[in-house]
Number of protein chains: 2
Amino acid sequence: MRETRLDTARVRAARQVIDPVFLDTPLYRCEALEPHLGCAVSVKLETANPVRSFKARGTEVVASLLAGGGSPAVVCASAGNLGQALAWSGRGRGIDVTVVASRFAPAAKLDRIRALEAGLELVDGDFDMARERAAAIARHDGIRLVEDSLDIETCEGAATIGLELVRTAPPFDAVLIALGGGALATGVGHVVKALAPGVEVICVQPLGAPAMTLSWRRRRVVTTDSTDTIADGVAGRCPLPAVLDDLLVVADDAVLVREASIMAGMRLLLDHAGLVVEPSAALGIAAILEDRDRFAGRHVATVVCGGNVDMDAYRRWVGAAPSLGS
Amino acid sequence: MRETRLDTARVRAARQVIDPVFLDTPLYRCEALEPHLGCAVSVKLETANPVRSFKARGTEVVASLLAGGGSPAVVCASAGNLGQALAWSGRGRGIDVTVVASRFAPAAKLDRIRALEAGLELVDGDFDMARERAAAIARHDGIRLVEDSLDIETCEGAATIGLELVRTAPPFDAVLIALGGGALATGVGHVVKALAPGVEVICVQPLGAPAMTLSWRRRRVVTTDSTDTIADGVAGRCPLPAVLDDLLVVADDAVLVREASIMAGMRLLLDHAGLVVEPSAALGIAAILEDRDRFAGRHVATVVCGGNVDMDAYRRWVGAAPSLGS
């Protein structure tokens, strides 16, 4: 395949600096889901760890490098999960962590960032405004800015999931990956395409936050003025050119799904797999629900990438989900 | 320590015949739970696998021996989880599996047993009546009877959880284990006492199904006439003498908890750890809620042993739980 910014040998090396509590996560068939989806489904479960998302794979790499270099302080913008993960990784290594987030981010995510002893600054806007503010802090304070999906360590950390996915024999027919900033999709996609090129890599984004998918389709950066989705973890407006370039190499497809499908996916995962997931983590199931013919009879893996939800909102979503697919 | 029926070398060997999808399950701190419990809590998560309980560790050992010996058929009594696990382990090895269960067992468990292509016979009584019927089938058909907790393979399989628990350094201060027939408690307890004897092994049973705890306290088998608990997975009336003997060796304590505490534990695990668990799997958290002073400031591990619930009942339980502990 054409080159990306990632290197599989470096991804293997990344495994060595990531706390094992985040590695070798469960990967298993959910047969009880399958009658509702019409295909074989395996989940790669990234929620059963101290920060309840895959993001710590990347922040462990970032923090181990910072700790090795003696850098005492770091700042990042976050929709919530990266900040929580960086706070966790930094706390254990004596790194001073500041997180900038939208004040509209889920309270559960913001509470955990505070509980993990990170500094938290809220902006009166969305994730892309938080990114600007974090960059300003980094410039002013002269500290390291961690940019999710742009910083190669965040992609390499996510890519370690790919190493665990391609171990299966026979390989999956397709892998469904939530698409936001792109670290997860390009990281996992790189490894899958490098080591199991026959596996279809399909990225999934909400119709209400389609910037990266539109960019992938038009092969150039497309920004949007706003986002409108419950999938807070993938709601960005401004794709990064370098990440798009990688995505163009590794993604076989990028699809957009409706909010109702995301909620139906969350409800299916709860009712038939016993999994509490945040909206972004249900995007893969939503994609199957919206295009059953495409997946019929195939074996699909989906990365359940996070489980940080405000429970009141979650109860509304899974309670109000239509019976689509059940 | 005094001898039990278990042997740590055999437990290590058991790992070799268990499908890796059931091994090396997540073990992690749940800090978001801790303000509600007053102690450090780690969960050993046995729900993220194809049968959503720890029982397949044992049935993998049973089925691998049967397949090696050419035995084509097996029958067991089950509260639901053992039957599902045996059906899974048998299906992959061409073993004909019959499960006898109470018709009052959760529909979710019975449905999964059927879906896994096992024969299912329902008795109009409780688990101990299902045991009698399974024994009669085994005698009549001349096939292997798998007796949970009595058959050493079921204990050895459960004991592999212990191997994974004692890897932590520093070790936990206490391990909380659901107590039903006793395979989990004696298996995990044996390994913990053999390899990390300073860790307190505490078994937890519902007040409404106290037979084994009463037996442990009186050092002789005590049966009860009935059970009254939502924790269907541990609701037995007739403890097995050989299992009690082992439990007397490995358990430091056996405690009984109220139904309200079990529901509060389920709700805490849902709201603050994002975990959907069956009542038996919340017994450890219930024990902390009922005796905070005992655990204050200590690091406690609890085995989240299963997640097979009827969702309607589950929603009632976690919705109706009192605010105990939150």
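Within every chain, numbering begins at 1; the chains are lettered A, B, ... in the order of the sequence lines, protein sequences first and strands thereafter.
Residue B:Arg29 touches chain A through its backbone alone, counting heavy-atom pairs closer than 4.5 Å. Contacts of A:Ala108 with chain B are absent, with no heavy-atom separation under 4.5 Å from either backbone or side chain.
The greatest number of non-hydrogen atom pairs below 4.5 Å with chain B, out of A:Leu45, A:Asp111, A:Leu270, A:Asp310, is found for A:Leu270. Heavy-atom pairs under 4.5 Å with chain B peak, among A:Asn49, A:Val276, A:Val43, A:Leu116, at A:Asn49.
To the nearest 0.5 angstrom, A:His272 atom NE2 is 9.5 Å from B:Met311 atom CE.
Within residues 84-92 of chain A, the residues having any heavy atom less than 4.5 Å from a heavy atom of chain B are, in residue-number order, A:Trp88, A:Arg91.
Nearest heavy atom pair, residue A:Arg267 against residue B:Arg315, reads NE-NH2, 4.4 Å. A:Val21 and B:Tyr28 make their closest contact through CG2-CB, 3.7 Å (heavy atoms, listed as atom of the first residue, atom of the second, distance). Nearest heavy-atom pair, B:Pro26 versus A:Ala48, reported as atom, atom and distance to 0.1 Å: CB-O, 3.7 Å.
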